[in-house]
Each structure stands twice: as C-alpha cells, then as structure tokens.
Protein chains: 2
Amino acid sequence: MIDPEGPVPLYQQLAAILRERIERGDLVPNRPIPSVARLQQEYGLARGTILHTVRVLVEEGLIYVVPGKGAFVKAR
Amino acid sequence: MIDPEGPVPLYQQLAAILRERIERGDLVPNRPIPSVARLQQEYGLARGTILHTVRVLVEEGLIYVVPGKGAFVKAR
DNA sequence: ACCCATTTGTTCGTATGTATG
DNA sequence: ACATACATACGAACAAATGGG
C-alpha cells in the first residue's frame, strides 16, 4: 500500500488511499473513518503523518472532524 | 523522582518507578496500583503519559487492567 | 430502574524536539 | 531554509464499565 521509499510524501500516499476507499464505498457518508491510532497501526505511520493527511482531506471537503468522536465522511 | 529535562521519556521514567515500587513490595499482587488520576497528581504528568506507562507495564506482564476498576499487580 | 462517583478507554487538537533529505 | 516524518507530551472531550445508594 504505502511506499516509504518512493518520491511521494507519505501523507499524500495515505490521502490517495483514503480517497479511494471513500470512492469505492468502503468508507461511507456520515460514518467514521478509522481513528488516527487505527490508521497508525494499519499503515505503520506516525501520528503526525496521519493528522497531516486528515487535514488535507478536511481541506478538500471530503471529510469532517468531530473532536473526541472521530473523522467522518461527508455526505454527497 | 521524575526529571522532565533528562533524555529519558517521562512514560519510561514512570514505568521504572512503578517497577521499583512493585519490586519493593510497596505495590502488592492482586492489589490495585494508584489510579490514573492519582498518578497524575503524584507525579505531575498528563493523563496520556500515565496511560502510556500502563500500556508498557501491561505488555511486560507486570500488571493487568480491569476497566472501570483499576490496574492490578499480577500475582507471581 | 435510576442516578452518581470513580475508573479506565478512546478520540482529536496542539506543541515541541529531533532527524533526514 | 524548508518539507517531511517520527516520538513525545500536554490538553480536552466523549465514552464505557464498575459499584454504591
């Protein structure tokens, strides 16, 4: 999945993966994406890197975050 | 006790302290160690740091946790 | 059945320090 | 100088489990 050697930044690689999981319907609207801790385990990335990715997807309008709850896929 | 300046991470320093308290018999088998809130006050550390330490000691097999009750020193 | 206090579990937000390319 | 990435640490909110009244 993630290529730590390649030229593409890890946070961008993860963003691409999550975009595709949303696209595929693996992650669905109004339902939470995996937690930061979970994504850390799943992809072997540091917390800061996950948070970076989340910021990117929020800025893209793909997800929204509720502190203390999770990050959710936006409807539509 | 805890040296916030030193090179050793705080959660590791606390782990060392608790290991020693168990070793000394200050904390005894099948009896709870101080609560997270108590350890926070005693050592002036953040909740997350205490939880980190607890995870470490659980992984070492020194203590076990009962949610809603506390963390207990393992027998033997 | 209900409330309440205590305790641990989980979640994101933010900041700092270090290291690498 | 800058971006990326990791580890650590503090804070805050929400959640679940336990036990007492």
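Chain identifiers are assigned alphabetically (A, B, ...) following the order of the sequence lines, protein sequences preceding nucleic acid strands; residue numbering begins at 1 within each chain. Everything numeric here is computed off the predicted structure, so don't read it as measured data.
For the pair B:Leu10 CG and C:dG17 P, the interatomic distance rounds to 14 Å; values are reported in whole Å. Remark: P of C:dT20 and CD of A:Glu5 are 15 Å apart, rounded to the nearest angstrom. Across the protein-nucleic acid pair, B:Phe72 atom CZ and D:dT18 atom P stand 11 Å apart, rounded to whole Å. The interatomic distance linking B:Ile2 (CD1) with D:dT8 (P) rounds to 15 Å, in whole Å.
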* Test salt bridge (Lys or Arg N to Asp or Glu O under 4.0 Å) on B:Arg38 and B:Glu42 and set out the steps. => CA-CA 6 Å; B:Arg38 190 82 184 80; B:Glu42 281 185 21; 3.7 Å; yes
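Salt-bridge formation is not detected for the pair B:Arg55/B:Glu59: no Lys NZ or Arg NE/NH1/NH2 atom is positioned less than 4.0 Å from an Asp or Glu carboxylate oxygen.
Base-pair partner of D:dA12: C:dT11 (Watson-Crick or G-U wobble, both distances under 3.5 Å).
Residue B:Val65 places its side chain closer to C:dT8 than to any other of D:dA5, C:dT8, C:dG13.
Listed here is the closest heavy atom pair of B:Tyr64 and B:Val73: CE2-O, 3.8 Å.
Note that CG of A:Leu27 and CG of A:Leu57 are 10.0 Å apart. Values are rounded to the nearest 0.5 Å. The distance from the CD1 atom of B:Ile17 to the CD1 atom of B:Ile22 is 12.5 Å, given to the nearest 0.5 Å. Here the straight-line distance linking atom CG of A:Leu39 with atom CG of A:Leu45 works out to 8.5 Å at 0.5 Å rounding.
For B:Lys69 and C:dT8, the shortest distance from a side-chain N or O to OP1 or OP2 is not below 4.0 Å. Taking 4.0 angstrom as the limit, A:Tyr11 places none of its side-chain polar atoms (N or O) nearer than this to OP1 or OP2 of D:dA5.
A heavy-atom distance below 4.0 Å to DNA chain C is reached by these residues of residues 32-58 of chain B, ordered by number: B:Ser35, B:Val36, B:Arg47, B:Leu51.
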